[in-house]
J.: 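Before we start, here is the structure in question, set down as structure tokens.
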Amino acid sequence: MVNTKVDLCGITLDNPIIPASGTFGFGYEFAELYDINILGTFSFKGTTKEPRFGNPTPRIAECSSGMINAVGLQNPGVEKVISEELPKLKKCFDKKVMANVSGFSVDEYAYTCEKLDKCEQVGWLEVNISCPNVHGGGMSFGTDPEAAYEVTKAVKSVTKKPVILKLSPNVTDIVAIAKACEKGGADGISLINTMLGMRIDLNRKKPIIANKMGGFSGKAIFPVAVRMVYQVSSAVDVPVIGMGGVSCADDVIEMMLAGATAVEVGAQNLVDPFACKTIIEELPKAMEKYRIENLKDIIGAAHNG
Amino acid sequence: MKQSLFQITENVHLTENVMRMRLKGDTNAITASGQFINIKLDGLFLRRPISVCDCEGDTVTIIYKVVGKGTEQMSKMSSGTLDILTGLGNGYDTSLSGEKPLLIGGGVGVPPMYLLAKKLIGEGKDVSVILGFNTKNEVFYEEEFKALGCKVGVTTVDGSHGTKGFVTALMENTDYTYTFCCGPEPMLKAVFNTSKTSGQYSFEERMGCGFGACMGCSCKTVTGYKRICKEGPVLCKEEILW
């Protein structure tokens, strides 16, 4: 009998599988399909202080083994998330959920996190300093170590819940950003958010996406994600959540060997709504195949020797 | 929504680049006309959303235009199975139609009107249909709508078949209590402005998931933000913001 349990910042997960923010809504769409309590947890839709419609459409473009999105943080705002979405979620999810937070200033991040800190359902705060699809916010905090430090410190001062900083791969030195977050008091690091990309419509001779650029995700980015998880996990002492192109149980094991304590699954949920369920069911078989008894024992094993 | 495998039982040309595919499988999740299915294709990342043209017993009929990589791949399939999500979108509400509904379809906006017409005829309604195409060679399903018992008018932009002009050319002389419409956005807008009644209009947008998870296809309406794939693709006239 294999053991898939891992510890993420003091909370035990039955397994390391976490649907990534923006690909799982607030959970209940998927709860119609399967019992989402089988998940380790999930990261809910990126939430901001004010409600946001997001970017104009088209927001989606197909790529080889992946997709580009430029949704732009559409969400009902933190007040409604707390008063409407979380009570709905409570009916179908008994576990602690990961609250994903974004903002346009240090104060906004702190405001939203302080509100979510009061929610008993929330286990972790995943602070997104890496959204490539909004101007003057999001990613700009995740591409400058000083700004990343400031956001982390501000958020840490308003919550006792574990704070996980979600990083952008669109930087020259991701280790510097991760270290700045750790210095600011981060309890964990999650990476990678999407990579900046673009597709152009050959008939219209214009970018497909209305916002021109968007975030590239899906299977194609997996090797980049594994590399960055490897680099960051060897440079920081806090747990790392690996994500980026994960689509099967083998990918989960690879991410963990690279140094991930838990693994988020993103774009794959959109093309296969049962992706996470399938991965969770296949994980024990994959562990047996690779002679792994305790999943937590392999975290970062690729760094040895 | 349901995910299941469907067997391709037919895939034939209706015009040079419009094809009809029939699929056999579990159709239980399809509950209304105007809904769509989302098809997984080998080697392509995103599924391809296609509206339901007909659903009878265990067979779903779709009609699609070959325009990109996905539909081109579909056009070459003569047998085999497809992984499909069914029962997506809200679909048309026939309870609002009154006694004389008018159904207007343009190009590949015609297919969803077929199942809708079938339902309305089944409810004993007096159904008029206007089908709009660019030219004679692109016309399809005129006879099929007549066979259902609908009054059918056809327009072509170049006048090579039926009435010359856009679908709106036939609206004035039609007696109707309600408008159902599906087609390219300029046509929806023209019908919206010409129609003297309330109605339901079906929209399309590039989609990520097709089942409400990604917010890729959101639009603004009078009653708030809606996802074309989930609270749409059918919007009531009164809530549409152009």
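Note on naming: letters A, B, ... go to the chains in the order of the sequence lines (proteins, then strands), and numbering restarts at 1 for each one.
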J.: Please confirm whether the ring centroid of A/F93 lies under 6.0 Å from the ring centroid of A/F42.
T.: yes
J.: Measure A/P273 against the heavy atoms of chain B and call it side chain, backbone, both or neither at under 4.5 Å.
T.: both
J.: I want to know whether B/Y114 and B/Y141 have ring centres closer than 6.0 Å.
T.: yes
J.: Between B/L85 and chain A, with a heavy-atom cut-off of 4.5 Å, which part of the residue counts as in contact: side chain, backbone, both or neither?
T.: side chain
J.: For A/F26, is it the side chain, the backbone, both, or neither that has a heavy atom closer than 4.5 Å to a heavy atom of chain B?
T.: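 Neither part.
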J.: Classify the angle between the aromatic ring planes of A/Y34 and A/F274 as parallel (below 30°), tilted (30 to 60°) or perpendicular (above 60°).
T.: tilted
J.: Do you know which of A/P51, A/A61, A/P58, A/G66 has the most heavy-atom pairs with chain B at a distance under 4.5 angstrom?
T.: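 If we count pairs closer than 4.5 Å to chain B, A/G66 comes out on top.
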J.: Is it the backbone or the side chain of A/A70 that comes under 4.5 Å from a heavy atom of chain B, or both, or neither?
T.: neither
J.: Under the 3.5 angstrom rule, does the side chain of B/K237 hit a backbone N or O of B/T179 as a donor-acceptor pair?
T.: no
J.: Among B/C219, B/G43, B/C217, which residue has the highest count of heavy-atom pairs closer than 4.5 Å to chain A?
T.: B/C219
J.: Decide whether A/E264 and A/S43 meet the rule of one side-chain donor and one side-chain acceptor closer than 3.5 Å.
T.: no
J.: Would you please indicate yes or no on a ring centroid separation below 6.0 angstrom for A/Y109 and A/F141?
T.: yes
J.: Below 4.5 Å, heavy-atom pairs only: which of A/G25, A/S65, A/P76 has the largest tally toward chain B?
T.: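 The answer is A/S65.
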J.: Non-hydrogen atoms of chain A under 4.5 Å away: do they reach the side chain of B/K220, the backbone, both or neither?
T.: both
J.: Between A/E29 and chain B, which part of the residue has a heavy atom less than 4.5 Å away: side chain, backbone, both or neither?
T.: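 The side chain, not the backbone.
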J.: Would you call A/K80 and A/E85 a salt bridge, taking side-chain N to carboxylate O under 4.0 Å as the test?
T.: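 Not counted as a salt bridge, because no side-chain N and carboxylate O are separated by less than 4.0 Å.
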J.: Which bit of A/N269 is near chain B, if near means a heavy-atom gap under 4.5 Å: side chain, backbone, both or neither?
T.: backbone
